[in-house]
Participant: 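Sending over a structure as structure tokens; questions will come in a sec.
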Amino acid sequence: MKSSVATPPYTLNHPRWYRKRVSTYWWLLRWEYLRFVLREISSVFVAWFVVLTIVQIYAVSRGPDAYAEFQDFLKNPFVLALNVISFFFVVFHSITWFNLSARAMAIRIGGKRVPGFLISGPNFAAWLVISALIAWLLLRE
Amino acid sequence: MADTIKLEISRYSPETDAAPHFQSFEVPFRRDWVVLDALNYIKDKQDGSLTYRWSCRMGICGSCGMLVNGEPKLTCATFLADYAPASIRVEPLRNFPIVRDLVIAMNDFMRKFQKMKPWLIRKEEKPVSEGEYLQTPEQLDAYKQFSMCINCMLCYAACPVYGLDPLFAGPAAIALAQRYNLDSRDQGAKDRFPVLSQHDAIWGCTFVGECTRVCPKHVDPAGAIQQYKLTAALDWVKSVVMPWGGK
Amino acid sequence: MDVTTHDVLLVGGGGAGLRAAIAVSELNPNLKIAVVSKVYPMRSHTVSAEGGAAGVIKSDDSLDEHAYDTISGGDWLCDQDAVEAFVNEAPQELLQLEHWGCPWSRQDDGHIAVRPFGGMKKMRTWFAADKTGFHMLHTLFQTTMKYNSIFRYDEWFVTKLLVDDGRVQGVVAIELMSGKIQAITAKSVILCAGGCGRVFPFTTNASIKTGDGMGLAYRAGAPLKDMEFIQYHPTGLPFTGILITEAARAEGGYLVNKDGYRYLQDYNLGTPTAKPVLRSMELGPRDRLSQAFVKEQEKGRTIDGPYGPVVHLDLRHLGEKLINAKLPFVRELCTKYQNVDPVHELIPVRPVIHYMMGGVSTDINGATPLPGLFAAGEVACVSINGANRLGSNSLPELLVFGARAGKAAAEFASSAKPISNSILAQAFDEQRRIENQFLRNTTGRERTSTIREEMQQTMETSAGIYRTESSLAAGAKTLRHLQERSDNLALDDHSLTFNTDLVAALELSFMLDVAESMVQSALQRTESRGAHQRTDFPKRNDEKFLAHSVVFRAADGRPRVEYLPVRITRWPPGERVYGQPAQKASAS
Ligand SMILES: Cc1cc2nc3c(=O)[nH]c(=O)nc-3n(C[C@H](O)[C@H](O)[C@H](O)COP(=O)(O)OP(=O)(O)OC[C@H]3O[C@@H](n4cnc5c(N)ncnc54)[C@H](O)[C@@H]3O)c2cc1C
Ligand code: SF4
Ligand code: FES
């Protein structure tokens with residue numbers, strides 16, 4: 001169906017509709033927007049961890065010397081700080097990601113939609129278990 | 001408690017103003033009044049030129065969406081008592097061109113909505129004389145939530161992506177497309193796919209989730225978009241893995 | 001002046017208008033259709049309808065029973081040929097809507113579910129939870145989007161019908177966004193502009209229901225029919241007038257007075273039972289229930305609330321599960337607007353103006369006596385509702401007679417002569433009138449809202465649930481006076497952009513015409529029938545008044561009433577019996 005509003009445009013009395021420009025600082029207006037922007041930024045840090053892990057595996061594959069060199073690199077205070085920040089962003093990213101999964105998957109059992117916490121819950125649980133396992137492996141001695 | 005309350009209302013007339021400005025009005029404070037009652041009081045008793053849309057006064061026609069203290073709200077369902085005794089700021093919905101005072105232009109939505117083909121598509125129509133298409137309560141439940149949209153535009157006002165990229169189809173239009181996709185009687189998902197899978201449709205959404213939070217009818221448009229992303233992604237995977245097998 | 005031209009033009013984009021538009025398209029895709037609506041179509045008042053739409057579909061039911069319920073419910077003022085057509089076509093229309101995607105509530109086996117409704121002896125009311133009108137309207141609106149021949153004029157306000165050469169040839173309308181006034185011509189025009197509840201102070205009706213369509217027809221010379229029959233719905237929330245749908249009682253709700261007593265048993269409506277019985281007690285017809293409220297009030301057995309007397313609607317025994325499944329909107333409305341949770345508390349309710357049985361007089365195909373003009377929906381009076389409409393008959397009426405009017409108007413347009421050229425002069429005159437009387441007028445001194453309030457008050461005191469000669473005569477006089485004062489309106493707003501002050505003034509003038517026609521028809525009907533109750537003439541008088549009132553606008557602007565016989569086919573006038581005995585008495 002065509003609507004007269006789209007064409008023809010307002011004639012003689014064309015109103016000058018007022019269009020507000022979006023402020024450059026729109027993302028500071030509400031916590032929800034800020035949270036959203038932080039989540040978007042967190043992707044950069046996730047990417048950084050991915051790169052770091054690849055470099056680490058590469059270093060391991062090149063022998064103990066290379067790996068020691070890599071460990072020295074990690075001890076650099078700048079890199080240390082970056083990794084601490086990245087850690088928080090990655091945790092933030094993971095939490096919001098799991099929460100999102102509950103919304104994206106409308107799973108139905110017996111005609112009823114499975115409540116969100118039953119979808120995100122196992123995700124969180126698996127995450128905790130795997131993290132604990134790794135921590136245990138690393139901190140055994 | 002004070003027996004009056006102050007409203008700061010955004011005014012704009014394209015014929016005389018370069019930009020919107022605020023004007024304050026003092027109205028009687030009544031516990032059972034909603035913001036819309038206060039606007040009606042002003043229009044009837046103080047300034048007949050105050051311009052806004054309303055109709056049903058029962059939260060179902062979708063006309064009366066405005067920003068109340070910066071938050072997108074149906075003004076017929078927003079009580080003065082929740083803000084009193086502080087004054088209340090009323091503005092037109094964000095992200096839309098302002099026509100006058102509290103009235104915004106929503107023809108952009110109407111155009112995008114129509115592109116989604118929001119009607120039941122059948123390969124073959126069953127004649128009415130053969131009765132209804134069967135649909136169990138569970139099948140009804142699968143899309144019911146998305147069919148509750150009253151086109152009030154609150155979600156567009158809450159969506160920063162729509163504010164930044166006017167080409168973005170937006171939450172309600174996508175939720176309503178999904179409403180038909182999920183309807184067991186519909187066979188048009190393929191026809192809607194090209195529009196929905198465009199960059200400006202689902203992939204434009206970066207999941208702020210604000211649309212769902214402000215929706216007065218619990219439509220969950222953010223959920224609709226995420227669900228469709230999943231469907232589209234799976235479809236793509238399927239077409240790569242099994243290029244021969246259509247849906 | 002701009003002029004646009006179409007073949008068929010619809011004034012109104014509610015349920016009736018959209019159904020008619022689709023009917024025209026399906027009949028002849030070459031006809032150019034215009035839908036002109038003062039609000040976006042999906043905002044139309046059909047959106048508020050809650051309870052459901054009646055249509056015979058179950059095997060224990062029959063068309064004759066639906067017809068009988070409708071005719072007895074209407075106190076034998078219905079045209080029975082129209083009722084027969086209506087009950088016949090309602091099920092197909094509701095199925096058609098199902099095929100267009102309407103999310104009707106279902107049984108477990110996937111078939112359509114039905115619920116009981118007031119005044120209906122069988123379960124035949126289709127529903128989409130308790131948002132039936134909402135789903136119907138959105139389904140229709142979304143379906144119209146696929147037809148290329150339908151052109152929408154969203155947010156255009158129609159001010160006048162253009163009549164030339166003895167037939168209607170278009171309208172003059174204002175584009176609200178720009179203030180542009182222009183002629184939209186068409187070979188046939190269908191009025192689908194809805195009801196006029198806003199003539200009264202306390203109503204379930206939205207702010208847009210101001211009787212514009214009735215006013216437009218009346219001024220153009222088409223008569224209005226049965227305008228004295230105005231329905232009070234027995235259960236509205238006090239203050240807001242928000243409707244608590246009859247479905248609440250159909251699911252088993254009780255109406256109780258201040259002593260917790262189910263008072264309807266005192267008014268010939270049957271004896272109370274725990275489970276709802278069709279056509280009995282709380283499921284009696286609306287006119288009787290509203291009248292019982294007034295009697296209870298006179299006996300001092302109502303409850304005093306901040307907005308006058310109320311009785312209580314009790315849903316507590318239905319339980320949270322049923323309320324959430326079948327009446328979620330009722331719960332939402334009560335908690336949001338009344339701060340009462342029906343699961344645990346009593347809902348205060350009172351009768352409230354709800355529906356207009358009368359309207360633009362049409363035949364069974366929606367044609368008015370004025371060639372080229374058709375009407376359908378609440379604006380029209382076919383008449384299937386007689387002296388009292390049964391709940392859930394209006395929504396199917398929109399569909400059945402919307403479709404019929406659409407087809408008739410399409411046929412008329414296909415064979416009509418071209419538009420006359422002289423029509424433009426009339427349109428110019430109308431433009432000048434609007435500009436001079438409202439936009440450029442600086443000498444007016446009356447406020448639209450003041451006159452509107454006085455009119456509404458007058459209607460409530462003179463033409464409420466019970467009427468008398470003296471109340472009506474006084475009302476007629478006040479309305480005349482208000483008419484004169486309304487010639488002298490002062491607008492606050494002289495702008496061209498979205499001028500709602502102008503719209504309110506134009507609506508007021510339509511409402512005043514409609515109000516006068518109501519009061520005059522009520523004054524001259526010296527009997528009591530259905531929703532029209534005269535305390536000075538408490539009996540029905542079939543000898544004199546088994547007839548429709550037909551109101552014309554005389555040259556001096558006053559209403560003139562004539563009568564037209566009711567068309568009776570198979571059901572001779574009888575006693576209206578409700579309560580348990582109805583089971584026997586209603587054999588058809
Ligand atoms: C709260 C409520 C609940 C109800 N529940 C039920 C129910 O359960 N079952 C049932 O059967 N019935 C019910 N009804 C009655 C039923 O909903 C109405 O009778 C019906 O919806 C009227 O539809 P319509 O298409 O005639 O008019 P509307 O839907 O009112 O549409 C009127 C149209 O005309 C347009 N218009 C009017 N004037 C102008 C103008 N001057 N210029 C341009 N356009 C104009 C409007 O914009 C609108 O589009 C209910 C009514 C109310 C108030
Ligand atoms: S999705 Fe919700 S907020 Fe958005 S338009 Fe629909 S009802 Fe309004
Ligand atoms: S006035 Fe209809 S939604 Fe608020």
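Atom set for the values below is all heavy atoms of this structure, side chains included, hydrogens, waters and symmetry mates excluded.
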Participant: For B/Lys217, which atoms come within 4.5 Å of any heavy atom of chain C: side chain, backbone, both, or neither?
Facilitator: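 Side chain only.
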Participant: Would you call B/Met58 and C/Phe329 a side-chain contact if the rule is heavy atoms closer than 4.5 Å?
Facilitator: yes
Participant: Test of understanding: with ring-ring contact (aromatic ring centres under 6.0 Å, His included), list the residues that count as partners of B/Phe22, not counting sequence neighbours.
Facilitator: none
Participant: Flag the pair C/His99 / B/Glu130 as yes when at least one side-chain heavy-atom distance between them is below 4.5 Å, and no otherwise.
Facilitator: no
Participant: Checking heavy atoms, do the side chain of B/Asn40, its backbone, both or neither come under 4.5 Å from chain C?
Facilitator: neither
Participant: Please report the interatomic distance OG1(C/Thr500) to CH2(B/Trp54), rounded to the nearest 0.5 Å.
Facilitator: 11.5 Å
Participant: Please rank C/Pro91, C/Gly110, C/Ala206 by heavy-atom pairs under 4.5 Å with chain B and give me the top one.
Facilitator: C/Gly110
Participant: Would you mind checking which part of B/Leu176 comes under 4.5 Å of any heavy atom in chain C, side chain (CB onward), backbone (N, CA, C, O), both or neither?
Facilitator: side chain
Participant: Based on non-hydrogen pairs under 4.5 Å, which of C/Thr139, C/Leu502, C/Asp108 is most in contact with chain B?
Facilitator: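 Looking at each option in turn, the highest pair count goes to C/Asp108.
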Participant: Ignoring hydrogens and angles, state whether a donor on the side chain of C/Tyr307 or B/Asp32 is under 3.5 Å from an acceptor on the partner side chain.
Facilitator: yes
Participant: Between B/Arg57 and chain C, which part of the residue has a heavy atom less than 4.5 Å away: side chain, backbone, both or neither?
Facilitator: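 Both parts, backbone and side chain.
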Participant: Is it the backbone or the side chain of B/Lys117 that comes under 4.5 Å from a heavy atom of chain C, or both, or neither?
Facilitator: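 B/Lys117 has no heavy atom closer than 4.5 Å to chain C.
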Participant: For B/Arg179, is it the side chain, the backbone, both or neither that has a heavy atom under 4.5 Å from a heavy atom of chain C?
Facilitator: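 Contact with chain C involves the side chain of B/Arg179 alone.
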Participant: Among C/Thr240, C/Thr143, C/Asn205, single out the residue with the greatest number of heavy-atom pairs under 4.5 Å to chain B.
Facilitator: C/Thr240
Participant: Is there a side-chain contact between C/Pro103 and B/Leu140 in this structure, where contact means two heavy atoms from C-beta onward sitting under 4.5 Å apart?
Facilitator: yes
Participant: Over all heavy atoms of both residues, which pair between B/Thr51 and C/Phe498 is shortest? Give the atoms and the distance, please.
Facilitator: CG2-O, 3.3 Å
